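Note that ligands are numbered from 1 as they come in the structure, with each ligand's atoms numbered from 1 the same way. Please read all numbers here as calculations on a predicted model, not as lab measurements.
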Amino acid sequence: LHENNNNCCSFEDYKLTTDWLLNRTNLRPKVAVICGSGLGLLADAVSNKVSFRYQDIPNFPVSTVPGHEGCLVFGTVDETPCVFMQGRVHLYEGYSLCQVTFPIRMFKLMGVESVIVTNAAGGICPDFKVGDIMVIKDHINLPGFAGEHPLCGPNDERFGIRFPCMSDAYSKQMRRLAVDVGTDLGCSNFIREGVYCMVSGPNFETIAEARMLLVLGCDAVGMSTVPEVTVAKHCGLRVLGLSLITNKVSVDYSREEKVNYEEVLQISKMRAEVLQKIVTQLISRLQQQSINTH
Ligand SMILES: O=P(O)(O)O[C@H]1O[C@H](CO)[C@@H](O)[C@H]1O
Ligand SMILES: Nc1nc2[nH]cnc2c(=O)[nH]1
């Protein structure tokens, strides 16, 4: 299974892992949360926890970078059954996009309906400040343009159609809810909306690349999220994306500051608590909305 090629995971692989996990917990999650770099603390708000280390779960890709604990946590948030991924895997770690997105299809088979994807990202938009939280309204799949795309290869109709529409990948209702929750929690001065661009990494951007991304209409840049969101949308999951702006990306040759991963983790840890409040409130209100509409 762990070969670096697309379509290395079959329906049976996803099913096996799903059944393995569901046989070990009574929880049937409705919401899945992926915690980005340094954001594992988001799972601390969960009650009735049952945790599994990625290395113990059959077929599950194992995180190799610091700030990604590699723990799958089942539990409840205000009565809503949830599953949190404390850490993800990335393309630059040497995983195929099929492996990177493995948890998404597993969530689908588990009965998850909504996915909240979080990440640490560099701010391209000149107005963004370090510590801002960007609600993702759209994305640019830069590796996808070059054929590095999680849906390349034979299409499995059990998950979705061959040519999925991506113009509404990020649920408008969830985006509105995120902004409302942020405002109610007194965070409106650092809640933004914008376009996330994925690059493969692992290096941070050159100045010329950053300038290109600015011209292309990117507000933030990172090395994750887009494959997960693409596969989630393909299989009919409702998606919310939240980027924590951990650093400003320099578009100016005269600036001397240099980005590094320690700084990314430091800002993530600093903001994780407030992001945790936003995510837990969001899950509670989602539950409330679904009660009101059913
Ligand atoms: O997107 P997450 O997983 O939050 O991680 C981000 O942080 C790392 C670089 O600082 C990259 O992996 C980038 O994608
Ligand atoms: N590519 C990229 N990923 C990031 N993740 C956190 N900050 C950054 C950044 O500046 N660039």
Going by the 4.0 angstrom heavy-atom rule, the piece of Asn247 near ligand 2 is side chain

- Query: Just checking, any donor-acceptor pair under 3.5 angstrom between side chains of Ser224 and Asn119?
  - Reply: no

Per-atom filter on ligand 2: closer than 4.0 angstrom to a heavy atom of Val199 are 1 (N)

Note: ligand 2 atoms sitting under 4.0 Å from heavy atoms of Thr246 are 6 (C), 7 (N)

Note to self: Below the 3.5 angstrom mark, is there an N/O of Ser37, backbone or side chain, next to an N/O of ligand 1?
What the structure shows: yes

closest protein heavy atom to atom 10 (O) of ligand 1 is Tyr261 CD1, 3.1 Å

Tell me if the CD atom of Glu273 is crowded by more than 12 foreign heavy atoms within 6.0 Å.
no

So the atoms of ligand 2 within less than 4.0 Å of a heavy atom of Val249 turn out to be 10 (O)

Counting from 1 in the order shown, the ligand 1 atoms closer than 4.0 Å to a non-hydrogen atom of Phe204 are 9 (C), 10 (O)

Side-chain H-bond candidate by donor/acceptor type, Tyr95 with Thr64, under 3.5 Å:
no

among protein heavy atoms, the one nearest atom 12 (O) of ligand 1 is Tyr92 OH, 2.7 Å

Does even one non-hydrogen atom of Ala120 get within less than 4.0 Å of ligand 2? yes

Do Asp13 and Ser10 get their side chains close enough for a donor-acceptor pair, meaning under 3.5 Å?
-> yes

Margin query: One thing to verify: whether Asp168 and Lys233 come together as a salt bridge, which I'm taking to mean a side-chain N less than 4.0 angstrom from a carboxylate O.
Written below: yes

Backbone or side chain, does any N or O of Gly36 fall under 3.5 Å from an N or O of ligand 1?
no

Review point. Between the side chain of Thr76 and the main-chain N/O of Asp78, is any donor-acceptor distance below 3.5 Å?
Key: no

What about Val264: any of its N or O atoms under 3.5 Å from an N or O on ligand 2? no

heavy-atom search around atom 14 (O) of ligand 1 in the protein gives Met223 N, 2.9 Å

Logged contact type for Val264 with ligand 1, heavy-atom cut-off 4.0 Å, is side chain

Query raised in the report: Would Phe11 and Phe159 satisfy ring-ring contact (aromatic ring centres under 6.0 Å, His included), going step by step from the backbone distance to the final call?
Result: CA-CA 9 Å; Phe11 190 87; Phe159 288 112; 5.4 Å; yes

Assess the side chains of His149 and Thr230: does a donor N or O sit below 3.5 Å from an acceptor N or O? no

